[in-house]
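Letters A, B, ... are given to chains in the order of the sequence lines, protein chains preceding strands, and every chain is numbered from 1.
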Amino acid sequence: MHARKPNALFVLPIATPDGVFVAAYSANGLAGLEFPSAVKRAKTRSAKKGITSRVRRWHAATSKALRAALAGRTPPTLPPLDCSSGTRFQRRVWNALRKIAPGKTRSYAEIAKGIGKPKAVRAVGGACGANPIPVLVPCHRVLAANGRLGGFSGTPAWKKTLLAREGAPFRA
DNA sequence: TAAGTGCGTCGTT
DNA sequence: AACGACGCACTTA
């Protein structure tokens, strides 16, 4: 219904073996995470000034968590997540995603059932696609009912890579 | 088996 | 009113 903007105050880069991710922070926590993209490298330099120690702490946590996740390990601690950009329904889906352990997968239908809306299967797919914090909010662990990958807002290659690194099974 | 079609369903725009 | 990161039933080959 009401979709507040993430209201990102700080946009900071995270260097990883897979490239430079970009994290966005609002006053409430991590509000966005983007996969490496050659195009937007320049933009991240600007907002370095005026960073609070709080955001610095969050960013350290995000960086550490991201690198762990990319290595297929369980992230130690996450910064507070600001999912206020999402609708009620989307937040419920994202919350369900966070309960899927590394190496495990669920189907879109299982997620739908899990949030008490067994018929909203397709809408769950939409909510996954709207996930502002991929990798750390593990939308990649949601597969089609037949065990195949299903879609991904990033490249399908990323979804495959993330699953493979944490040892999650999926049909080629 | 594999691949393609049609349709129910529902949150979002 | 139209559109999906779906799922299922049901053809065809």
Grab the [atom1]-[atom2] distance between [X] and [N] for me, whole Å please.
| X | N | atom1 | atom2 | answer |
| --- | --- | --- | --- | --- |
| R88(A) | dG11(B) | CZ | P | 12 Å |
| I100(A) | dA5(C) | CD1 | P | 18 Å |
| W94(A) | dG11(B) | CH2 | P | 15 Å |
| N146(A) | dC8(C) | CG | C1' | 11 Å |
| R91(A) | dG11(B) | CZ | C1' | 14 Å |
| R106(A) | dC6(C) | CZ | P | 19 Å |
| H140(A) | dA5(C) | NE2 | C1' | 14 Å |
| F89(A) | dT13(B) | CZ | P | 12 Å |

Checklist entry - Taking it one step at a time, do L81(A) and I133(A) satisfy side-chain contact (heavy atoms from CB on, under 4.5 Å)? => result CA-CA 9 Å; L81(A) 305 183; I133(A) 312 179; 4.1 Å; yes
Checklist outcome for this item: Under a 4.0 Å heavy-atom cutoff, the residues of residues 128-139 of chain A touching DNA chain C are C128(A), G129(A), C139(A)
Checklist entry - Looking at DNA chain C, which of residues 108-117 of chain A put a heavy atom within less than 4.0 Å of it? => result Y108(A), A109(A)
Next on the checklist: Out of the candidates I111(A), L97(A), V124(A), only one should pair with R106(A) under the side-chain contact (heavy atoms from CB on, under 4.5 Å) rule; please name it.
Outcome noted: I111(A)
Next on the checklist: Can you list everything that forms a ring-ring contact (aromatic ring centres under 6.0 Å, His included) with W94(A)? Sequence neighbours excluded, please.
Outcome noted: none
Checklist entry - Could you give all pairs that pass the salt bridge (charged side-chain N to carboxylate O under 4.0 Å, His left out) test and reach residues 62-72 of chain A, with sequence neighbours left out? => result none
Non-neighbouring partners of [X] that pass side chain to side chain contact (heavy atoms under 4.5 Å, CB included), sequence neighbours left out:
| X | result |
| --- | --- |
| A68(A) | R73(A), P76(A) |
| A61(A) | P79(A) |
| K104(A) | I100(A), A101(A) |

Any chance you could measure [X], atom [atom1], to [Y], atom [atom2], to the nearest 0.5 Å?
| X | Y | atom1 | atom2 | value |
| --- | --- | --- | --- | --- |
| C128(A) | F152(A) | SG | CZ | 10.0 Å |
| S26(A) | D82(A) | OG | CG | 3.5 Å |
| Q90(A) | C83(A) | CD | SG | 10.0 Å |
| I115(A) | E110(A) | CD1 | CD | 13.0 Å |
| T105(A) | L143(A) | OG1 | CG | 4.5 Å |

With respect to the side chain of [X], which nucleotide from [options] is positioned closest?
| X | options | result |
| --- | --- | --- |
| A145(A) | dG7(C), dA5(C), dT9(B) | dG7(C) |
| F152(A) | dA5(C), dG11(B), dT9(B) | dA5(C) |
| A120(A) | dC10(B), dG7(C), dA5(C) | dC10(B) |
| K159(A) | dG11(B), dA5(C), dG7(C) | dA5(C) |

Item to check | Donor-acceptor contact below 3.5 Å, side chain N28(A) vs main chain P80(A) | outcome: no
Item to check | Pairing annotation in dot-bracket form, given for DNA chain C with Watson-Crick or G-U pairs under 3.5 Å and | for cross-strand partners | outcome: ||||.||||||||
Which atoms of nucleotides 10-13 of chain C (N or O only) lie under 3.5 Å from a protein N or O atom, and what are those distances?
none

Listed pairs, N/O of protein and of nucleotides 5-8 of chain B, under 3.5 Å:
unit_1	atom_1	unit_2	atom_2	d
dG8(B)	O6	R122(A)	NH1	3.1

Item to check | Sequence neighbours excluded - side chain to side chain donor-acceptor pair (under 3.5 Å) pairs with any residue from residues 159-172 of chain A | outcome: D18(A)-R165(A), Y108(A)-K159(A), H140(A)-E166(A), R141(A)-E166(A)
Item to check | Pair L162(A)-V135(A), side-chain contact (heavy atoms from CB on, under 4.5 Å): steps then yes or no | outcome: CA-CA 8 Å; L162(A) 292 170; V135(A) 186; 4.1 Å; yes
Checklist entry - For the residue pair W158(A) and F35(A), is the inter-centroid distance of their aromatic rings smaller than 6.0 Å? => result yes
Checklist entry - What residue pairs, at least two apart or across chains, pass ring pair (Phe, Tyr, Trp, His ring centres under 6.0 Å) with a residue in residues 55-75 of chain A? => result Y25(A)-H59(A)
